[in-house]
Amino acid sequence: MADKIKLFVNGEEVEVESGKNLVDAVSAVGIEIPHLCYHPALGADGNCRMCLVGLEEGGPPLVPACKTPAQEGMKVLLDAEHIRKIQHDVMEFELINHPIDCPVCDQAGECKLQDYYMGYDRKDSRMTVPQVTKSKKLDFGGGVVHDQERCIVCGRCVRFLRQITKTGELGIINRTDTARVNIFPGRPIDNRYGLNVVDLCPVGAMTSSDFRFKQRVWFLKKVPSVCHGCAKGCSITIDHNREKYQDDIIYRFRPRLNQQVNGYFMCNDGRLSYRRENEGRLTQFRLGKNERDMLDVITGCNKEIAHSRKTVVLVSPDLSLEQMVSVKALAEKLGATLSGFSDGYIKTGDGDDYLISDDKAANRKGLEILGIDSSRKSFEEAMADAELLINFNNDLSLSYDESGIRSLLGDTRTIACSTHDDELTGQAHFALAISSYSEYAGTVINCDNVLQHFTKAVTKNNELPDVCAIAAELGSPLQNAGQAYAELQRAIGALSEYQPADIPAEGLNLNDSEAANVTA
Amino acid sequence: MEVKILSAKFDIEGANKLEVAKQHGAYANLDRLFSMEPADVIEEVKKSGLRGRGGAGFPSGVKWGFLPKDTGKPVYLAVNSDESEPATFKDRYILVRDPHMLIEGIIICSYAIGSHDTYIYIRGEYTTQVKELQAAIDEAYEAGYLGDKVAGHDFRVDVTVHRGAGAYVCGEETALLESIEGKKGQPRSKPPFPAVAGLYDCPTIINNVQSIASLPYIIENGADAYRQYGTEKSPGTHLFGISGHVEKPGMYELPLGLPLLEVLEKVAGGVWKGRKLKGVIPGGSSTPVLTPEEAKTVTLDYESMAQHKTMFGSGGIVVLDETVDIVKLVKNLINFYHHESCGQCTPCREGLGWMKKITQKILDGEGTMSDVDLLRELCDNIEMKTVCVLSAACTMPVRSYLDKFRHEFEAYVTADESSVAEAK
Amino acid sequence: MSDRSQLISTGEPFQFDKERDAEFERLVKRYPTRESMILPALWLTQEQEGWISQEAIAYIADRIGTFASKVYEAATFYTMYNLHPMGKHHICVCRTLSCWLRGKQEIIDYMRDELGLTPGKKTEDGKFSLEEVECLGHCGTAPVVQVDGEFHENMDVEKFKSLLATLK
Ligand SMILES: Cc1cc2nc3c(=O)[nH]c(=O)nc-3n(C[C@H](O)[C@H](O)[C@H](O)COP(=O)(O)O)c2cc1C
Ligand code: SF4
Ligand code: SF4
Ligand code: FES
Ligand code: FES
């Protein structure tokens with residue numbers, strides 16, 4: 001715990017953490033100092049002047065809160081008429097040259113300018129002279145579209161690309177009120193985190209060409225989740241919505257603050273991986289090429305299982321811990337060989353020293369903790385004389401090329417439980433559609449041993465069973481994810497005191513406590 | 001009334017050349033300097049009461065005292081030769097006519113503050129001046145006054161000239177540092193102050209050219225000699241620039257404390273063309289204007305200016321005769337500060353442009369009384385809400401014109417078409 | 001300030017000539033960071049070419065080892081950097097306070113009426129370009145005009161005419 005200090009805000013004593021600036025220190029106790037240019041991940045720049053507060057006694061009478069360290073005994077004046085007047089005045093300056101085109105702006109509903117305007121200003125404009133005009137709809141590359149007129153020149157985007165990605169594609173060009181954000185011609189935004197500038201932008205000046213105009217943000221349902229794009233497992237918010245007579249679909253992923261995992265940001269690939277939740281999905285149950293009722297297919301599978309003298313069960317390293325536990329129980333029940341072989345999920349050299357991991361599997365740590373053998377050798381040995389492969393969503397095309405798969409499978413019969421419809425499900429003897437991670441709740445452990453729980457975000461019109469349910473149908477003694485979780489609590493000591501809903505939003509760091517508590 | 005302290009060599013042919021400058025005493029004090037302790041040099045400068053000549057008037061010796069000791073980092077000296085405040089044209093004379101006085105001052109200051117690297121930041125428009133300055137520096141290097149062993153003493157001083165490129169704001173000391181670092185000239189928030197974290201994040205002293213050039217005299221003749229000129233709180237002499245509507249505009253060295261009107265009359269030949277005085281800008285365009293009535297009692301020093309609710313500033317005096325259209329003058333002023341805003345602070349970036357357009361609207365005969373009120377209110381809303389005081393350098397004088405010459409703004413508002421046309 | 005963000009591409013790669021190259025290497029040693037060379041390098045470019053192209057900015061950024069966006073920022077922030085070719089003779093007329101008080105407008109009007117030249121523009125033959133600039137630090141000898149870097153003080157229309165006559 002950081003040291004605590006006492007200071008006064010509007011005459012009332014509050015206890016805050018030392019070593020923070022005034023904006024962060026007092027926001028921790030629920031007092032908001034309006035701010036636009038300051039962002040905790042980018043440091044204080046001090047340009048917007050929205051955060052000016054009064055200091056009684058000592059020091060200058062007005063200070064930018066973002067640049068002022070909280071100090072013992074400080075007397076901060078926020079709720080005073082002259083401070084509110086300053087906030088109002090700064091807002092007025094922000095707005096005089098702003099197009100105020102909220103009705104056609106993507107940011108409407110989550111715009112700081114709009115929020116503060118409602119809070120502080122709401123007066124008729126006194127701007128009776130021509131506005132400064134700048135450019136609109138500039139393609140900055142990397143899926144980022146910029147509107148210079150909406151920009152309040154807070155510099156967050158510029159600082160992000162200089163300080164965090166160190167790629168520096170953006171600059172603030174010119175000076176005085178012709179200052180504007182731009183790329184250097186021919187050097188567009190070109191890095192794997194560029195889309196974060198869209199979230200960072202406090203107004204609607206940075207938009208994502210992917211999301212632009214698709215939805216008004218207030219229609220979106222926002223559900224906390226975990227990105228399954230790679231082993232980092234960035235905390236995200238899934239923004240989804242079901243329009244009238246339509247299916248529930250996802251419009252975007254956004255990073256969700258998690259100091260243990262991803263801070264404020266996420267990579268572009270992860271951000272855009274929401275599309276895979278919407279598209280290319282397997283929604284049918286098939287016997288060979290023919291669509292059947294789920295129950296018919298299950299019955300067929302169970303017959304097949306009963307006949308098989310040697311069965312291999314393959315799990316995807318993307319499954320949740322609950323699902324892995326269910327499948328493991330199934331394999332034990334069937335006397336089948338269980339494998340988590342998924343070398344193909346690892347793209348050596350693709351990762352960086354920031355967020356992106358070489359490993360594109362969301363829960364490889366889960367395989368390890370549950371003691372599921374993932375070696376190529378044992379998988380291939382088991383496959384050599386296997387009569388039946390039950391594959392729980394492991395994308396073999398990542399690990400083998402076409403002929404590799406052909407020779408691997410030989411005449412092994414296959415049951416493919418899959419989220420996506422691809423060549424392998426097309427060739428399977430039985431194909432079972434399963435729900436994907438935006439459609440179920442579960443728990444995963446990232447490459448740094450942080451365990452996170454995510455909830456179900458999307459409810460499809462045609463709801464698909466999750467892996468736990470299929471495993472149960474095929475014979476697993478665990479009937480559902482709840483029972484699997486109870487099993488998990490026995491395996492991972494750190495979970496014993498947590499129900500899924502109680503797992504902290506930033507996850508549990510198993511390194512700190514309980515890695516040693518694992519009894520798989 | 002004129003004195004020749006700083007300007008002693010200004011009229012000597014070729015005094016910008018080392019040979020001639022030496023004949024007239026340049027670099028004669030270095031042995032004495034190096035025999036002193038640095039702390040004693042600072043003490044002497046404190047005693048002299050020398051106040052920064054860049055505009056703010058902060059006591060130079062006191063400023064040097066703010067340097068933290070033994071940080072293990074180099075200490076930098078940045079000499080402010082940006083000279084861009086309208087009506088200011090004094091440092092230029094030093095650069096061109098007596099550059100060795102500046103170089104000697106740099107050596108003195110460097111020794112006092114323990115600095116070995118100086119950057120002279122010179123405005124980009126000083127194209128011919130920069131050549132002369134660089135030539136003098138080259139000569140000083142050749143003669144061993146600069147370099148590893150200053151005049152044979154075990155003390156290194158390197159001087160680099162860094163050219164600006166058209167940005168008034170770079171005269172603000174932290175914008176100046178940013179500009180040397182290769183960035184846009186955007187002032188930094190303070191604290192930290194440059195004395196603690198300045199150029200390249202190292203302790204840095206920034207002084208105006210004239211402040212630094214005053215040092216050789218002080219070291220040679222002592223603080224008391226310097227204090228013979230000027231007043232108790234404003235000791236010494238200053239290179240005043242007098243421009244605008246006078247008969248003999250120009251740069252004059254005067255002791256501080258003289259009555260303004262007497263100086264205008266006796267030194268600058270009075271208001272030109274026998275016209276009447278309308279106002280005086282006392283210390284550069286950013287200082288509030290004085291009416292003829294106010295001008296009667298003001299003297300050319302920091303205290304008297306403060307008493308008259310204006311500032312000594314850079315000592316750039318502008319005389320306005322009776323024909324000046326104050327609204328047009330205000331437009332000209334706002335134009336300047338708006339053009340020069342670095343653009344980082346919201347109130348300055350957006351506000352100055354707004355003020356400019358409102359003033360234009362009034363000039364166009366389309367303004368209303370509430371526009372005049374708005375203009376006045378915007379001065380308050382912008383001032384002191386920003387990182388640096390460039391915005392205040394605009395709003396302070398504009399407020400003074402609005403308060404002292406409001407009738408001229410109102411005349412534009414109430415005038416019918418024909419009289420506006422006439423006023424134009 | 002008008003928008004300066006529009007850069008001109010020559011389509012040709014840029015590099016310093018021998019002399020500027022050597023000057024760059026000499027200057028870079030005077031600073032503890034290479035980024036300090038941004039302004040000096042822009043000056044060297046302008047000395048060499050008379051103006052600064054998109055290619056030159058990219059060259060400077062790469063040579064210094066910094067982001068092109070930073071050099072672009074500096075080139076557009078500092079108004080003395082010419083981002084397009086100027087006339088053979090570049091005329092700067094101070095428009096600020098003291099020069100305004102002492103009649104700079106007459107010189108501007110003269111150029112408009114006699115040469116059809118207005119601020120920000122070039123004459124058709126490309127001989128002159130005109131810019132109104134802020135205070136040039138010569139207010140005591142106002143109005144002042146700077147032609148190709150040389151100061152001309154105490155100007156009036158007559159003197160300006162004879163000055164123009166000397167410009168070939
Ligand atoms: C907008 C602005 C412009 C300034 N321009 C100059 C200038 O051109 N020359 C100068 O010496 N000081 C200028 N100053 C003052 C400097 O910030 C600084 O106070 C000064 O250089 C310190 O030197 P001194 O103590 O010797 O005066 C300016 C300040 C501001 C806010
Ligand atoms: S685009 Fe957005 S983040 Fe970037 S400077 Fe403008 S307002 Fe700030
Ligand atoms: S007050 Fe104006 S010039 Fe000064 S830092 Fe702010 S925007 Fe820049
Ligand atoms: S948040 Fe503090 S100045 Fe912008
Ligand atoms: S006002 Fe023109 S040189 Fe100063």
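- Contact of the V147(C) side chain with the L164(C) side chain is not registered, since no non-hydrogen atoms from C-beta on lie closer than 4.5 Å.
- If you measure heavy-atom distances from Y76(B) to chain C, the contacts under 4.5 Å come from the side chain alone.
- Below 30°, between 30° and 60°, or above 60°: for F89(B) and Y93(B) the angle between ring planes is between 30° and 60°, a tilted geometry.
- What you find for H162(B) and I180(B) is that their closest heavy atoms are NE2-CA, 3.6 Å.
- Proximity to chain C (any heavy atom under 4.5 Å) is shown, for T160(B), by both the backbone and the side chain.
- When heavy atoms are compared at a cutoff of 4.5 Å, Y31(C) approaches chain B by way of both its backbone and its side chain.
- Contacts with chain C (heavy atom to heavy atom, under 4.5 Å) involve these residues of residues 315-323 of chain B, listed by number: V318(B), V319(B), L320(B).
- Taking both residues in full, the closest heavy atoms of Y72(C) and S5(C) are given as OH-O, 2.5 Å, listed atom of the first, atom of the second, then distance.
- Shown here is K183(B), whose NZ atom has more than 12 heavy atoms of other residues, nucleotides or ligands within 6.0 Å.
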Next item on the list: Give the intermediate values and the outcome of ring-ring contact (aromatic ring centres under 6.0 Å, His included) for residues F14(C) and Y59(C).
Entry: CA-CA 7 Å; F14(C) 172 86; Y59(C) 170 83; 5.2 Å; yes
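- Side chain of T204(B) to backbone of L199(B): a donor-acceptor contact under 3.5 angstrom is found.
- Using a 4.5 Å cut-off between heavy atoms, N335(B) touches chain C through backbone and side chain atoms alike.
- Judged by distance alone, the side chain of S84(B) and the main-chain N or O of D82(B) form a donor-acceptor pair under 3.5 Å.
- For L329(B), the parts lying under 4.5 angstrom from a heavy atom of chain C are both the backbone and the side chain.
- In terms of heavy-atom pairs under 4.5 angstrom with chain B, the leader among N154(C), L97(C), L27(C), I38(C) is L97(C).
- Residues E73(C) and K70(C) are not paired through a salt bridge, judged by the lack of any N-O separation under 4.0 Å between the basic side chain and the carboxylate.
- The contact between Y200(B) and chain C is made entirely by side chain atoms (from C-beta outward), counting heavy-atom distances below 4.5 Å.
- The candidate with the highest count of non-hydrogen atom pairs below 4.5 Å against chain C, out of G244(B), G353(B), G250(B), is G244(B).
- Using a 4.5 Å cut-off between heavy atoms, I281(B) touches chain C through its side chain atoms alone.
- Highest contact tally toward chain C, considering only E181(B), K248(B), R163(B), Q186(B), is held by R163(B) [criterion: heavy-atom pairs under 4.5 Å].
- Looking only at atom types and distance, the side chain of T45(C) has no donor-acceptor partner in the side chain of E47(C) under 3.5 Å away.
- Interface remark: C170(B) contributes side-chain atoms only to the contact with chain C (heavy atom separation under 4.5 Å).
- Donor-acceptor pairing under 3.5 Å is recorded for the side chains of E253(B) and S7(B).
- Contact count versus chain C (heavy atoms, under 4.5 Å) is highest, among E125(B), K184(B), H339(B), Q129(B), for K184(B).
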Can I get a per-line list of side-chain donor-acceptor pairs under 3.5 Å for residues 128-144 of chain C, giving both atom names and the distance, sequence neighbours left out?
{"residue": "S129(C)", "atom": "OG", "partner": "G87(C)", "partner atom": "N", "Å": "2.8"}
{"residue": "S129(C)", "atom": "OG", "partner": "H90(C)", "partner atom": "ND1", "Å": "2.8"}
{"residue": "E131(C)", "atom": "OE1", "partner": "H90(C)", "partner atom": "NE2", "Å": "2.7"}
{"residue": "E132(C)", "atom": "OE2", "partner": "K104(C)", "partner atom": "NZ", "Å": "2.7"}
{"residue": "E134(C)", "atom": "OE1", "partner": "T96(C)", "partner atom": "OG1", "Å": "2.9"}
{"residue": "E134(C)", "atom": "OE2", "partner": "R95(C)", "partner atom": "NE", "Å": "2.9"}
{"residue": "E134(C)", "atom": "OE2", "partner": "R95(C)", "partner atom": "NH2", "Å": "2.5"}
{"residue": "H138(C)", "atom": "ND1", "partner": "L136(C)", "partner atom": "O", "Å": "3.0"}
{"residue": "H138(C)", "atom": "NE2", "partner": "R92(B)", "partner atom": "NH1", "Å": "3.3"}
{"residue": "T141(C)", "atom": "OG1", "partner": "H138(C)", "partner atom": "O", "Å": "3.0"}
{"residue": "T141(C)", "atom": "OG1", "partner": "E153(C)", "partner atom": "OE1", "Å": "2.5"}

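- Of the two parts of V159(B), only the backbone, made up of N, CA, C and O, holds a non-hydrogen atom closer than 4.5 Å to a non-hydrogen atom of chain C.
- The two residues Q46(C) and N82(C) make their nearest non-hydrogen contact at OE1-N, 2.8 Å.
- S400(B) places a side-chain N or O within donor-acceptor distance of the main-chain N or O of P397(B), the cut-off being under 3.5 Å.
- Across G241(B), G164(B), P74(B), S285(B), the residue that shares the most heavy-atom pairs under 4.5 angstrom with chain C is G164(B).
- Of the listed residues (W272(B), Y119(B), Y168(B)), the greatest number of heavy-atom pairs within a distance under 4.5 Å of chain C belongs to Y119(B).
- Side chains of Y81(C) and T76(C): a donor-acceptor N/O pair is absent below 3.5 angstrom, by distance only.
- The contact between V161(B) and chain C is made entirely by backbone atoms, counting heavy-atom distances below 4.5 Å.
- Residue contact with chain B, scored on non-hydrogen atoms closer than 4.5 Å, involves the side chain of Q146(C) exclusively.
- With respect to chain C, the highest number of heavy-atom pairs below 4.5 Å among E340(B), M251(B), H245(B) belongs to H245(B).
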